[in-house]
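In this text, all values refer to a predicted model and were calculated from it rather than measured experimentally.
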Amino acid sequence: MAIKGCLSVTKYFLFVFNLFFFILGGMLLCFGLWILFDRGSFATMIGSSVPTLKVWSYVFSGVGILTMLLGFLGCLGSLKEIKCLLGFYFAFLLLLFSAQITIGVLVYTQRNNLSTRLGTIVESVIKNYGLYANQTDLEEGWDFAQEKMQCCGWYVPEDWLKNHKMQNISINLYPCSCRNVSAFHTNSSVNSSMEFPEAKAGFCISGAKDKWPVYQTGCMNTLQAFLLNNSITIVGVCIGIAMLELFVMTLSMCLCRNLDQNYNKLARYS
């Protein structure tokens, strides 16, 4: 009797737990669809770029769908006592857990290669920035990163001197997303706030060469400092998620293994 009572508690705990995640997944999906179909007003409200929001809309929608699927399998499998669904639920969680471990190991062991690869991509974006009439998603995303992280270039601000647009024009330009507002105001007599008319969303005009009112730290150093300062929090969150997954997998497997003679449709107490 005690075993049946324990398994009954496990059953309804799994149901409530996964019902919460099903609702959470639905909210994330709705939020992602809202951003996707109403990016203009949402971008105005939070001050972000539309292409950047487009990426986040896909992320929220994907995570929402995945969370809803997990919640559905867990809710239905535990409430209706269906071993097949509980087995899929366990397998899904095990796959996620394995993927997280694999990604973590790869990121740690290949961190130098990843940094080099990311630097190559950023340098390519900087070199070709402003060559097209409309900004690409990567250009918009890099503008967003420089503005929010308060950095300029990948290694140093002088990385922008490799930009083809800046090299082939007589006007002294600098990227607007790098602009240090405090330095801009203190040097207002040297720098102009006018935007270059042929590259409206990208470049601003500087009154003197090599005197850009921009942040002097490269984004690579800013990103590394952020990861270093928040490494304990990041590792703690990852370990917490992994432990939660292991706990839920254990409960689902325990319930699935006892759905025979010891746990024969407990909901109906037959």
Side-chain angles (χ1 to χ4, degrees), residues 1-39 41-42 45-46 48 52-108 230 233-270:
M1 189 67 184
I3 296 178
K4 285 188 176 182
C6 182
L7 292 173
S8 182
V9 171
T10 301
K11 165 186 172 177
Y12 288 108
F13 174 79
L14 276 176
F15 171 74
V16 174
F17 180 83
N18 286 284
L19 179 62
F20 168 76
F21 270 88
F22 183 81
I23 296 173
L24 178 63
M27 293 173 62
L28 288 174
L29 177 60
C30 292
F31 189 64
L33 293 177
W34 175 33
I35 298 175
L36 182 63
F37 293 108
D38 194 20
R39 294 195 301 271
S41 60
F42 198 85
M45 183 175 64
I46 67 173
S48 181
T52 304
L53 288 177
K54 183 178 179 181
V55 174
W56 282 109
S57 69
Y58 292 144
V59 172
F60 280 122
S61 299
V63 172
I65 293 173
L66 180 62
T67 306
M68 287 183 68
L69 179 59
L70 274 174
F72 174 78
L73 291 176
C75 282
L76 192 60
S78 59
L79 186 64
K80 296 298 183 181
E81 307 163 22
I82 304 174
K83 297 184 68 173
C84 180
L85 290 183
L86 286 174
F88 275 121
Y89 179 70
F90 176 85
F92 213 156
L93 283 176
L94 181 61
L95 181 63
L96 283 178
F97 181 77
S98 303
Q100 291 169 0
I101 297 297
T102 303
I103 291 173
V105 171
L106 288 176
V107 168
Y108 181 78
N230 296 275
T233 302
I234 295 172
V235 172
V237 170
C238 293
I239 292 177
I241 293 174
M243 294 300 293
L244 179 62
E245 290 174 344
L246 285 174
F247 174 68
V248 176
M249 280 193 294
T250 303
L251 290 182
S252 63
M253 181 53 62
C254 177
L255 186 59
C256 186
R257 287 174 58 88
N258 289 276
L259 282 180
D260 296 319
Q261 66 274 11
N262 294 328
Y263 188 53
N264 185 20
K265 303 296 182 183
L266 254 179
R268 289 172 280 282
Y269 293 97
S270 56

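The CG atom of L96 lies 5.5 Å from the CZ atom of F92; values are rounded to the nearest 0.5 Å. Atom-to-atom distance recorded for L14:CG and L73:CG is 12.5 Å, nearest 0.5 angstrom. Note that the CG atom of L28 and the CG atom of L33 stand 11.0 Å from one another [nearest 0.5 Å].
Scanning for side chain to side chain contact (heavy atoms under 4.5 Å, CB included) contacts around L95 gives an empty result, with sequence neighbours left out. Qualifying side chain to side chain contact (heavy atoms under 4.5 Å, CB included) partners for F72, counting only residues two or more places apart in sequence or in other chains: F22, L76. For I103, the side chain to side chain contact (heavy atoms under 4.5 Å, CB included) partners are V107, not counting sequence neighbours. With sequence neighbours excluded, the residues that form a ring-ring contact (aromatic ring centres under 6.0 Å, His included) with F21 are F17. For F15, the side chain to side chain contact (heavy atoms under 4.5 Å, CB included) partners two or more places apart in sequence, or in a different chain, are L19, C75, S78, L79.
Residue pairs that meet the side chain to side chain donor-acceptor pair (under 3.5 Å) test with at least one member in residues 89-100, sequence neighbours left out, are N18-Y89, Q100-E245.
Within 6.0 Å of the CZ atom in F88, the count of heavy atoms belonging to other residues, nucleotides or ligands does not exceed 12.
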Sequence neighbours left out, cut at 3.5 Å: what donor-acceptor pairs do the side chains of residues 61-69 make with other protein atoms?
{"unit_1": "S61", "atom_1": "OG", "unit_2": "S57", "atom_2": "O", "d": "2.8"}
{"unit_1": "T67", "atom_1": "OG1", "unit_2": "V63", "atom_2": "O", "d": "2.7"}

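Closest approach of M249 and F90 over heavy atoms only: O-CD1, 3.5 Å.
When I239, L244, V237 are each tested for a side-chain contact (heavy atoms from CB on, under 4.5 Å) with I241, only one passes: V237.
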